[in-house]
Structure formats: C-alpha cells, structure tokens
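This chain uses plain numbering: 1 for the first residue, then up along the sequence. Both counts, for ligands and for their atoms, begin at 1 and track the order of listing. This one's a predicted model, so the numbers in the text were calculated from it and none came from an experiment.
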Amino acid sequence: MTRRKLVAGNWKMTGSLAANRALAAEVLERLPGHLPCDVVICPPPVHVAAVAEVLQGQAQLLLGAQDVAAEADGAYTGDVSGAMLRELGVRYCIVGHSERRQHQHESNLAVAQKTQRALDAGLTPIVCLGETAQQRDAGWTDWVLGHQLDAVARALGQRLAEVVLAYEPVWAIGTGQTASPAQAQQVHAALREQMAQRGVAAERVRIVYGGSMNPANAADLLAQPDIDGGLVGGAARVADDFVDIVEAAGRSAMPGAGAMGKLE
Ligand code: PGA
C-alpha cells in the first residue's frame with residue numbers, strides 16, 4: 001500500500017500580511033512541477049484569505065489552517081468555523097497542536113470535537129499527538145499517544161481512517177532536537193498498530209512526523225516505512241528549506257528510491 005506523502009508548513013503566529021503573501025508566492029515559485037506528494041501551507045488565521053488569493057488558479061500548493069472551531073456556527077467569539085475556512089479554499093486543518101493543548105488548554109475531547117467539525121466541513125484534519133520529555137523518560141509514550149488517539153477514535157469511529165495523524169514529540173518542537181529516524185519510525189508503527197486494533201484501515205492512514213524537521217534530516221526521516229510526510233514549523237518559514245524538504249519527500253516517494261529513500 002503506497003500512501004501519498006504530505007508535507008505541511010505550519011507558519012504559526014508569525015509575519016506581517018506582506019511577509020505571509022511574499023512567502024506563499026516564493027514557495028509557489030520554487031516548487032518543482034508534478035510532485036508525487038501533497039504540499040500544504042498553513043498561514044496565521046488572519047492571513048488565510050490573503051494567502052488564498054496568492055494561491056488562486058493553481059492546484060499544486062494547497063492551503064491549510066492552524067486550528068478550527070469545535071462548533072459549527074453561532075456565538076463563539078473569536079472562533080473560525082470549518083465552513084468559513086472551506087469557503088476560502090482551505091483543504092487541510094491542523095488540530096490539537098501541542099502549543100494549543102498547552103497554551104489554550106485544549107483537552108483531548110476538544111481536539112476530538114474539532115477533528116469531527118473539520119471532517120464535517122470537508123477539511124482533512126491533521127491531528128497532532130505527542131508526548132513530553134518527562135513522559136518519554138518515564139516510558140509512557142505509547143500510553144499517552146493511545147489516550148490522545150482514543151478520544152478522537154471514539155468521536156469518529158471508522159471515519160478515523162479519513163484523518164492525517166501527526167506524531168509531534170513535544171520535546172522536539174522548535175527545539176532543534178529531532179527524534180531520530182528509528183525513534184520516530186517506532187512510534188509511527190505503534191500508532192498504526194493502535195489504529196489497526198481499533199478496526200481502522202490503518203495502512204491507508206497517513207502519519208506524518210513533526211518536530212525540528214529540516215533539510216538536513218528530512219530525507220532519513222521520510223525514508224522510514226511508516227513516516228508519510230512532515231509537519232514543519234521553523235523550516236517552513238524559509239522557502240528554500242521548505243522546498244528542499246518537499247523535494248526529499250518527493251524523492252522518497254519515487255519508485256526505486258530504495259530503503260533509504262535517497263536517490264543521490
Ligand atoms: P518545528 O515545529 O518544525 O519548528 O519544530 C513543528 C510544529 O510545531 O509543527
């Protein structure tokens with residue numbers, strides 16, 4: 001079963017309107033044609049509409065959001081609904097990023113509701129799961145991820161197969177400390193197994209890695225059999241670096257890439 005690779009850039013809360021527009025245009029310009037993977041950029045919410053304009057008239061670079069409301073419509077001040085995002089041309093939506101779990105106190109239940117809303121609105125949710133350094137040191141990684149996955153699985157049932165999962169070890173986000181390819185592969189395989197145990201067609205589900213992915217480490221991470229792409233923060237804000245990672249994903253998806261996924 002070959003799963004189409006996905007590289008998503010999370011621009012977080014950075015950059016002016018002009019800078020966001022310029023970065024989108026730069027990524028678009030540098031992206032090679034006919035990539036065998038999906039490429040997504042997730043600008044800050046207030047700049048999504050402006051970036052949508054930059055991306056108009058092409059289908060290669062897709063638009064993503066960094067969050068979505070847990071409710072469909074109504075008196076939820078400050079929230080942005082899935083339907084509103086979809087209307088702007090958004091296709092993917094990050095849900096349950098650890099920064100939101102930490103700073104906005106998003107619970108597993110809220111993450112599950114948001115995932116459901118995203119699907120209902122026709123968005124593909126990228127559901128983030130990950131353990132802290134303390135949890136990893138205590139040997140709790142599988143348990144923590146299972147718990148986070150359970151909430152989403154309970155809400156979605158068989159629709160769990162429609163999401164993208166992002167394994168984002170909290171200790172690797174924005175720290176320059178990446179999970180080794182072997183460490184990440186082990187967790188991705190365990191997550192796939194956990195999904196299979198829930199009766200989901202796990203071999204179809206894309207599981208991407210996030211946490212200090214950069215042009216130097218991307219090829220080795222993306223060559224792992226259960227790593228289906230990347231959710232990229234810091235390196236996504238440098239067009240050349242982001243496109244390098246996209247190219248590494250493209251190479252790893254090509255027939256004959258070999259066990260290491262590298263052609264060069
Ligand atoms: P990072 O962020 O690549 O800067 O570690 C990843 C993320 O937060 O999704």
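- In the vicinity of Asn10, heavy-atom distances shorter than 4.0 Å reach the ligand 1 atoms 9 (O).
- Among Glu168, Met213, His97, the residue whose heavy atom lies closest to atom 8 (O) of ligand 1 is His97.
- When each of Leu123, Ile126, Leu63 is checked for a side-chain contact (heavy atoms from CB on, under 4.5 Å) with Tyr92, only Ile126 meets the rule.
- Listed by atom number, the atoms of ligand 1 under 4.0 Å from Gly174 heavy atoms are 1 (P), 4 (O), 5 (O).
- In Ala235, neither the side chain nor the backbone holds a heavy atom less than 4.0 Å from any atom of ligand 1.
- Residue Ala166 places every heavy atom at 4.0 Å or more from ligand 1.
- Counting heavy atoms under 4.0 Å from ligand 1, residue Ile173 touches it through both backbone and side chain.
- At a threshold of 4.0 Å, the pair Arg192-Asp228 counts as salt-bridged, since one of the basic side-chain nitrogens sits closer than that to a carboxylate oxygen.
- Ligand-side atoms of ligand 1 in range of Ser212: 1 (P), 3 (O), 5 (O), range being under 4.0 angstrom from any heavy atom.
- If you number the atoms of ligand 1 from 1 as listed, the ones under 4.0 Å from a heavy atom of Ala172 come out as 5 (O).
- Ion pairing between Arg159 and Asp120 holds under the 4.0 Å rule for side-chain N and carboxylate O.
- Remark: the Asp226 side chain and the Gln185 side chain contain an N/O donor-acceptor pair separated by less than 3.5 Å.
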Worked check of side-chain hydrogen bond (donor to acceptor under 3.5 Å, both in side chains) between His97 and Gln66: CA-CA 8 Å; His97 191 283; Gln66 298 177 14; over 6 Å; no
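- Taking distance alone, with nitrogen or oxygen atoms compared against 3.5 Å, Glu99 stays at or beyond that limit from ligand 1.
- Looking at atom 3 (O) of ligand 1, its nearest protein heavy atom turns out to be Gly233 N, 2.8 Å.
- Nearest to atom 4 (O) of ligand 1 among the protein's heavy atoms is Gly234 N, 2.8 Å.
- Ligand 1 lies less than 4.0 angstrom from a heavy atom belonging to Gly211.
- In this model, no donor atom of one side chain and acceptor atom of the other lie less than 3.5 Å apart for Trp171 and Gln134.
- Within 6.0 Å of CZ on Arg100 lie more than 12 heavy atoms contributed by other residues, nucleotides or ligands.
- Ion pair Arg206/Asp38 flagged as a salt bridge, since at least one NZ, NE, NH1 or NH2 atom sits closer than 4.0 Å to an Asp/Glu carboxylate oxygen.
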